[in-house]
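Proteins get letters first, then strands, A, B, ... in listed order; numbering begins at 1 in each.
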Protein chains: 2
Amino acid sequence: MSISSRFAVAIHILSLLDINKEGRNTSEFIAGSVNTNPVVIRRVIGLLGKAGLVHTSPGVGGASLARPPREINLLEVYRAVQNDPPGELFAAHDKPNPKCPVGQNIQGTLDTVFKRAESAMENELAKVTLDQIAFDLVRGDR
Amino acid sequence: MSISSRFAVAIHILSLLDINKEGRNTSEFIAGSVNTNPVVIRRVIGLLGKAGLVHTSPGVGGASLARPPREINLLEVYRAVQNDPPGELFAAHDKPNPKCPVGQNIQGTLDTVFKRAESAMENELAKVTLDQIAFDLVRGDR
DNA sequence: ACCACCTGTAACCATTGTAGTTACAATCGT
DNA sequence: ACGATTGTAACTACAATGGTTACAGGTGGT
Ligand code: FES
Ligand code: FES
């Protein structure tokens with residue numbers, strides 16, 4: 001299965017917060033932009049808030065970046081919205097047969113390979129910062 | 001969501017075929033080893049067969065590697081059992097709002113980043129061959 | 001020719017993650 | 001006090017997954 005589109009939506013939201021930092025970014029406004037339901041946006045923003053990436057305040061509307069976009073990389077965003085814990089991108093074969101010569105040792109062997117692959121992917125995400133995304137967006141615009 | 005455990009099961013199966021190449025590897029035997037249902041094994045073996053990694057024959061029982069384990073890498077196995085097409089590890093935000101300044105350009109921007117991350121992961125898988133796995137297994141055994 | 005055994009596949013079920021939606025209490029600025 | 005907004009809970013619909021049963025068809029031994 002694919003990685004949840006929450007990740008893509010989260011990047012959308014953060015980009016929008018950066019580009020439109022003058023305006024009042026309510027969940028409804030963002031939802032209109034992302035073309036989905038405001039609650040979906042609030043859910044994602046809730047995750048981003050817990051991760052310390054955005055600030056929100058109930059009552060008064062609008063969210064804003066909690067840190068300068070140059071200091072936010074996509075790995076943090078990924079971690080914030082991914083509820084699978086790190087190291088479990090690949091599902092393990094949960095009930096290995098202890099009597100099986102393969103099963104006894106395969107866990108560790110696969111774990112090493114899987115973790116290496118997962119880290120390689122995450123390192124690529126870590127290289128990209130939010131302001132790079134925003135720059136690409138604005139440049140593509142004109 | 002995690003990547004389907006079919007991948008892990010496939011590696012199990014292939015390792016077993018390599019290590020136990022003398023025996024008769026019926027789906028039921030493998031299922032006992034993997035500790036699951038024979039039909040699950042047959043499904044995975046079916047995928048591996050379509051990918052040209054194993055040989056099977058209806059009627060007579062048993063599957064066998066179609067190529068020497070040194071020439072089978074984990075990326076091929078991954079591709080064989082992953083029914084999401086390549087390039088879609090990350091789900092895109094499917095209905096971008098054309099009126100949104102972010103939505104207009106974000107597709108291409110994210111696509112580049114996502115593809116880079118996905119490739120990084122796949123390159124790691126491509127580095128590992130089946131006989132390396134089998135070697136690790138046997139060595140850990142004693 | 002028969003038979004035991006096996007594969008390949010369809011069908012069905014339970015579980016899980018996800019996105020969308022409605023509803024509403026709590027919160028804040030004016 | 002009021003209107004707007006957030007934060008959640010609850011519910012629905014849907015797709016992927018893994019397990020299971022069932023069965024048609026192939027294969028080799030006897
Ligand atoms: S436990 Fe996975 S093959 Fe034996
Ligand atoms: S934020 Fe995704 S389309 Fe505007």
Side-chain angles (χ1 to χ4, degrees), chain A residues 1-10 12-13 17 23-51 54-64 66 78 80-85 88-97, chain B residues 1-10 12-13 17 23-51 54-64 66 81-85 88-97:
Chain A
M1 281 251 281
S2 295
I3 285 170
S4 162
S5 77
R6 277 192 306 267
F7 185 34
V9 172
H12 274 196
I13 294 174
L17 293 186
R24 195 149 145 277
N25 297 295
T26 69
S27 65
E28 193 169 355
F29 167 73
I30 302 178
S33 179
V34 177
N35 198 22
T36 183
N37 193 287
V39 178
V40 174
I41 301 297
R42 278 179 241 156
R43 277 204 282 246
V44 175
I45 288 189
L47 294 172
L48 296 175
K50 278 180 199 161
V54 300
H55 282 142
T56 62
S57 31
V60 58
S64 57
Y78 175 73
V81 299
Q82 190 74 10
N83 52 10
D84 287 331
E88 295 190 9
L89 175 61
F90 296 91
H93 171 205
D94 36 324
K95 14 175 205 169
N97 184 346
Chain B
M1 281 253 280
S2 295
I3 286 171
S4 162
S5 77
R6 278 193 304 269
F7 184 33
V9 172
H12 275 197
I13 293 174
L17 293 186
R24 195 150 146 275
N25 298 295
T26 68
S27 67
E28 193 170 354
F29 167 73
I30 301 178
S33 179
V34 175
N35 197 24
T36 184
N37 193 287
V39 177
V40 175
I41 301 297
R42 278 179 241 158
R43 278 203 281 243
V44 174
I45 287 188
L47 294 171
L48 295 175
K50 278 180 199 159
V54 299
H55 283 143
T56 62
S57 31
V60 59
S64 58
V81 298
Q82 190 74 10
N83 52 10
D84 286 332
E88 297 190 8
L89 174 62
F90 297 91
H93 172 204
D94 36 323
K95 15 176 205 169
N97 184 348

Nearest-Å distance for atom pair CZ/C1', residues B/R24 and D/dT27: 10 Å
Check nucleotides 8-10 of chain D against the protein and report each pair of N or O atoms closer than 3.5 Å, with its distance, or say if there are none.
residue, atom, partner, partner atom, Å
D/dT8, O4, A/R42, NH1, 3.4

Proximity to the side chain of B/T26 - top-ranked nucleotide from C/dA19, D/dT6, C/dT7: C/dT7
From B/T56 atom OG1 to B/R42 atom CZ, the distance as rounded to the nearest 0.5 Å: 11.5 Å
Which atom of B/V81 lies closest to which atom of B/R6, heavy atoms considered: O-NE, 3.1 Å
Shortest non-hydrogen separation from B/A91 to A/A8 and the atoms involved: O-CB, 3.8 Å
Minimal non-hydrogen separation, B/I45 against B/A63, with atom names: CD1-CB, 4.2 Å
A/T36 side chain, from C-beta outward: closest of D/dT5, C/dG20, C/dT18: C/dG20
Interatomic distance, B/R6 CZ vs D/dT17 C1' [rounded to whole Å]: 7 Å
Are any protein N/O atoms closer than 3.5 Å to N/O atoms in nucleotides 27-30 of chain C? If there are, list each pair with its distance.
residue, atom, partner, partner atom, Å
C/dT27, O2, A/G59, N, 3.3
C/dC28, O4', A/P58, O, 3.4

pair A/I13-A/N25: side-chain heavy atoms closer than 4.5 Å: no
B/S27 side-chain N/O to C/dT7 phosphate OP1/OP2 under 4.0 Å: yes
B/I45 CD1 - C/dC6 P separation (whole Å): 13 Å
Set of residues satisfying ring-ring contact (aromatic ring centres under 6.0 Å, His included) with respect to B/F90, sequence neighbours excluded: A/F7, B/F114
Rounded distance in Å - NE2 (B/H55) to C1' (D/dG26): 18 Å
Distance in angstrom units between A/I3 CD1 and D/dA15 P, rounded: 21 Å
Nearest to side-chain heavy atoms of B/N37, which nucleotide of C/dT7, C/dA19, D/dT20: D/dT20
Atom-to-atom span, CD1 of A/I41 to P of C/dT21 - whole angstrom: 12 Å
5' precedence on DNA chain C between B/N25 and A/Q82 (nearest-nucleotide basis): B/N25
Atom of B/G49, atom of B/V54 and distance for their closest heavy-atom approach: N-CG2, 3.6 Å
Nearest heavy-atom neighbours spanning A/A80 and A/A51: CB-CB, 3.5 Å
Heavy atoms of other groups near A/E28 CD, more than 12 under 6.0 Å: no
